[in-house]
Amino acid sequence: MKTIIDILTAKLNDAFKTNNYEGPFGTVNISSRPDLCQFQCNGSFAAAKIYKKAPFVIAEEVVSTLVNDAIFKNIQVEKPGFININISDDYLIAILKEVTSDPHMGITQITDETIVIDYGGANVAKPLHIGHLRTAIIGESLKRIARSTGRTAVGDVHLGDWGLPMGLVIAEMTERYPDWKCFSESFDPNVDKIATLDVNTLNEIYPFASKKSSQNEDFKLKAQNITAKLQNHHPGYYALWQEIIKISKIDMKKSYDRLNVEFDYWYGEYDSEDYIPELIEVLNDNNLLYESNGAMVVDVKEDNDKVDIPPIIIKKSNNANVYATTDLATIIQREKYFHPNGIWYVVDSRQSLHFNQVFRCAKKAGLVPQTTKLIHAANGTINGSDGKPYKTREGGIMQLSTFIDIIIETISKNPNNEINCDNDINKKLAIAAIKFGDLINHRSKDYIFDIDKFTSPEGKTGVYILYMLARMNSIIKKLDEEKVNNAMLYNIYSDTERDIILNVIQLNDVFTKSFNEQAPNYICENLYQLSVLFSKFYHDNHIIKEADIQKQLSWIKLILIIREAILKQLYALGIEAVEAM
RNA sequence: GUUCUAGUAGCUCAGUCGGAUAGAGCGAUAGCCUCCUAAGCUGUAGGUCGGAGGUUCAAUUCCUCUCUAGAACGCCA
């Protein structure tokens with residue numbers, strides 16, 4: 001479906017052409033001066049340069065060929081050469097009807113593309129903490145945005161389950177529980193049992209072992225050794241590893257469930273293991289792999305690099321794999337399973353060099369077609385008021401489950417709650433507060449986390465949006481069912497209603513932009529604006545008491561449309577709607 | 001040291017393929033509930049868009065330099 005911007009741009013382009021100005025001068029944008037007009041075209045400035053004519057004159061010519069077109073309420077030239085456009089109400093209503101009769105509300109559906117989205121990236125044996133929050137929230141939203149545009153989107157958690165952290169945990173276990181059978185060479189997985197682990201111990205071991213390895217060189221070596229052995233399927237370590245994974249995944253899933261974050265696949269680095277031999281083979285066949293300082297590496301420099309991009313390490317000098325190895329092997333795996341048009345990595349921006357190397361290597365080795373878009377949808381960090389990654393008051397890292405608990409508790413304490421909100425609604429409000437508060441910031445930027453701002457019931461928040469939704473639901477519930485069924489847009493009665501319609505018919509532009517830039521904040525902004533417009537509309541008009549039946553039916557229809565648009569955007573952000581609050 | 005990213009209202013952030021008077025939330029301040037949920041609505045104040053040059057009819061947006069902060073820079077992920 002063509003958007004209003006497309007239609008206007010086409011009309012303006014034709015008008016420029018009719019007046020013998022060749023070139024795409026007709027681009028129409030949403031007005032930067034809503035007090036003057038709804039849409040604007042600045043093409044006469046560009047044309048003026050090429051045709052050496054005053055922009056005002058060109059604009060006048062263009063406008064004169066369009067002035068009688070019925071879709072315009074008015075189209076006129078302003079000062080140096082702006083073309084200001086307002087659409088007639090009849091045409092706005094016609095477009096809106098077209099948009100609302102489409103189940104996707106005018107959002108262009110591209111059904112022949114697949115995007116794999118890699119988010120989560122958590123390490124097993126390590127509790128989820130606040131550092132995992134952004135990638136989970138942003139990734140989930142990007143997946144849903146892709147789906148909203150008709151694409152197939154595959155979400156993969158890509159667990160860190162096959163690297164040094166595993167070696168560290170097991171190394172620590174060998175010291176704490178030296179008697180465990182799995183540490184002996186005689187361990188037989190068919191006969192011997194693995195000790196039962198509990199998740200709290202597991203969560204405590206990793207930070208402990210990690211700290212220990214930074215202070216104790218021998219321990220570090222031991223962990224590296226165990227990692228290498230594990231990767232070679234040492235029976236005891238491998239069996240223990242399987243147990244760790246099992247326990248850890250259950251715990252992780254709990255946290256992700258609370259955030260309403262769902263993965264289609266719980267693959268990890270380990271699952272790419274089968275593709276490592278193929279990776280090595282391909283790299284060798286292409287003569288890319290060579291030995292350097294004992295490690296096996298691939299050059300990924302390009303001619304116009306400003307700075308030396310170091311080679312990518314495929315095999316460490318002790319023959320162990322690193323994350324570049326598993327990331328590349330995973331690309332082979334994903335290409336085999338999904339033939340994606342794009343793979344998006346929602347990972348901390350500090351890893352951009354790594355992904356640059358991996359992508360170059362993948363393209364160089366032909367692991368994916370040249371057309372496959374490998375994108376590092378980098379996310380910023382959540383910082384404290386000191387501008388450094390967020391820490392608790394005690395200086396530790398806040399666990400995700402603790403974080404969610406705090407937000408729920410604060411929301412529950414809101415005085416408006418006592419009468420209205422049950423526990424389940426508070427949970428939804430808390431998650432909405434967290435997600436909206438995160439997504440409203442641009443994906444790639446760090447932001448300063450302020451617990452009061454997140455939990456505030458006021459202002460530009462998830463709670464505000466859900467509150468507006470609850471009001472809409474309440475009105476609809478109180479109306480006669482017959483009226484709701486017969487609701488229909490007869491007319492536009494106010495500027496606010498006009499603005500609401502303009503907002504709704506531009507949903508496609510918002511979704512397209514969000515998809516193209518992997519940036520959910522545009523949807524957040526649009527959603528908030530629509531909610532504000534509804535609120536204004538709500539205060540200006542009393543829908544239930546309205547006596548003019550045509551007016552009332554128009555207003556009811558408008559509310560139904562707003563609700564649908566809001567639900568669509570909430571879905572794309574991964575925020576659950578509430579019926580009431 | 002090199003490279004990258006950022007610097008916009010008191011605070012937290014949007015915006016920018018160059019366009020007309022730079023936006024929002026919080027905070028400050030003045031109002032609005034006999035009426036569909038006041039977790040709401042309306043108004044006011046608050047800015048030389050880090051600084052200096054340049055390109056342009058037009059620069060917060062592009063280029064150069066500079067200051068400040070953060071990040072990355074081969075065997076962790």
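Protein chains get the first letters and strands the later ones, always in sequence-line order, with residue 1 at the start of each.
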Separation of B/rU5 P from A/Leu353 CG (nearest whole Å)
14 Å
Ring centroids only, cut at 6.0 angstrom: are A/Phe403 and A/Phe449 within range, meaning strictly under it?
yes
Closest of B/rG70, B/rG74, B/rA6 to the A/Lys388 side chain is B/rG70
Let me know the distance between OH of A/Tyr467 and C1' of B/rC41, rounded to the nearest Å.
10 Å
Confirm from the modelled atom types if A/Asn84 and B/rA20 form a donor-acceptor pair under 3.5 Å, side chain to base only.
yes
Check: residues 465-474 of chain A side-chain donor-acceptor pairs under 3.5 Å, at least two apart:
unit_1, atom_1, unit_2, atom_2, d
A/Asn473, OD1, A/Arg563, NH1, 2.7
A/Asn473, ND2, A/Leu469, O, 3.4
A/Asn473, ND2, A/Val578, O, 3.4
A/Asn473, ND2, A/Glu579, O, 2.8

Side chain proximity check, A/Leu289 to A/Val297, heavy atoms < 4.5 angstrom:
no
Distance between the C1' atoms of B/rA52 and B/rG15, in whole angstroms?
25 Å
Does any residue of residues 29-38 of chain A have a heavy atom under 4.0 Å from RNA chain B, and if so, which ones, in number order?
A/Ser32, A/Arg33, A/Asp35, A/Leu36
Answer with yes or no whether the side chains of A/Tyr21 and A/Lys53 bring together a donor and an acceptor at under 3.5 Å.
yes
Return the nearest nucleotide to the side chain of A/Phe45; candidates are B/rG25, B/rC57, B/rA14.
B/rC57
Re B/rU48: Watson-Crick or G-U wobble partner, both distances kept under 3.5 Å, found to be none
With the side chain defined as heavy atoms from C-beta on, A/Asn521 is closest, among B/rG15, B/rC17, B/rG25, to B/rG15
Which one, B/rG25, B/rG40, B/rC36, comes nearest to the side chain of A/Ile475?
B/rC36
Phosphate contact (B/rU42 OP1 or OP2) by A/Lys536 side-chain N/O below 4.0 Å
yes
Can I get a per-line list of side-chain donor-acceptor pairs under 3.5 Å for residues 158-170 of chain A, giving both atom names and the distance, sequence neighbours left out?
unit_1, atom_1, unit_2, atom_2, d
A/His158, NE2, A/Asp327, OD1, 3.4
A/Asp161, OD1, A/Glu269, N, 3.0
A/Asp161, OD1, A/Tyr270, N, 2.8

Nucleotide nearest A/Lys79 (side chain, heavy atoms from C-beta), chosen from B/rA71, B/rA20, B/rU37
B/rA20
Which whole-number value in Å describes the distance from A/Ile50 CD1 to B/rC57 P?
14 Å
With a 6.0 Å cut-off on ring centres, are A/Phe515 and A/Trp344 close enough?
yes
Using only side-chain N and O atoms of A/Tyr528, determine if any of them is under 4.0 Å from OP1 or OP2 of B/rA14.
no
Nearest heavy-atom contact between A/Ser535 and A/Tyr464 is CB-OH, 3.6 Å
Is there ring stacking between A/His542 and B/rC36, where the centres must be under 5.5 angstrom apart and the planes under 30 degrees?
yes
Whole angstroms only, please: what is the CG-P distance between A/Leu221 and B/rC75?
15 Å
Distance check needed: B/rC36 P versus A/Lys483 NZ, whole Å only.
16 Å
Quick one: look up who B/rG70 pairs with, Watson-Crick or G-U, both distances under 3.5 Å, and put none if it's unpaired.
B/rC4
Phosphate-side-chain proximity, A/Ser474 and B/rU37, N/O vs OP1/OP2 below 4.0 Å:
yes
Within the structure, does a side-chain N or O atom of A/Gln224 lie under 4.0 Å from either OP1 or OP2 of B/rC75?
no
Would you kindly give the CG-to-P distance between A/Asp450 and B/rG25, to the nearest whole Å?
17 Å
What's the CD-P distance between A/Gln351 and B/rU5, to the nearest Å?
18 Å
Tell me the partner of B/rA22, counting only Watson-Crick (N1-N3 plus N6-O4 or O6-N4) or G-U wobble (N1-O2 and O6-N3) with both under 3.5 Å; none if nothing fits.
none
For B/rC41, does OP1 or OP2 lie under 4.0 Å from any side-chain N or O of A/Tyr464?
yes
Less than 4.0 angstrom between a side-chain N/O of A/Lys316 and OP1 or OP2 of B/rC76, yes or no?
yes
Could you point out which residue of A/Phe355, A/Tyr345, A/Phe359 forms a ring-ring contact (aromatic ring centres under 6.0 Å, His included) with A/His376?
A/Phe355
May I have the distance from A/Ile313 (atom CD1) to B/rC73 (atom C1'), rounded to whole angstrom?
13 Å
Answer syn or anti for B/rC33, where the cut-off is 90° from 0 on the glycosidic torsion.
syn
Can you check the distance between B/rG74 and B/rG7, where both ends of the measurement are the C1' atom (answer in whole Å)?
32 Å
Of the listed B/rC41, B/rG27, B/rC75, the closest approach to the A/Ala295 side chain comes from B/rC75
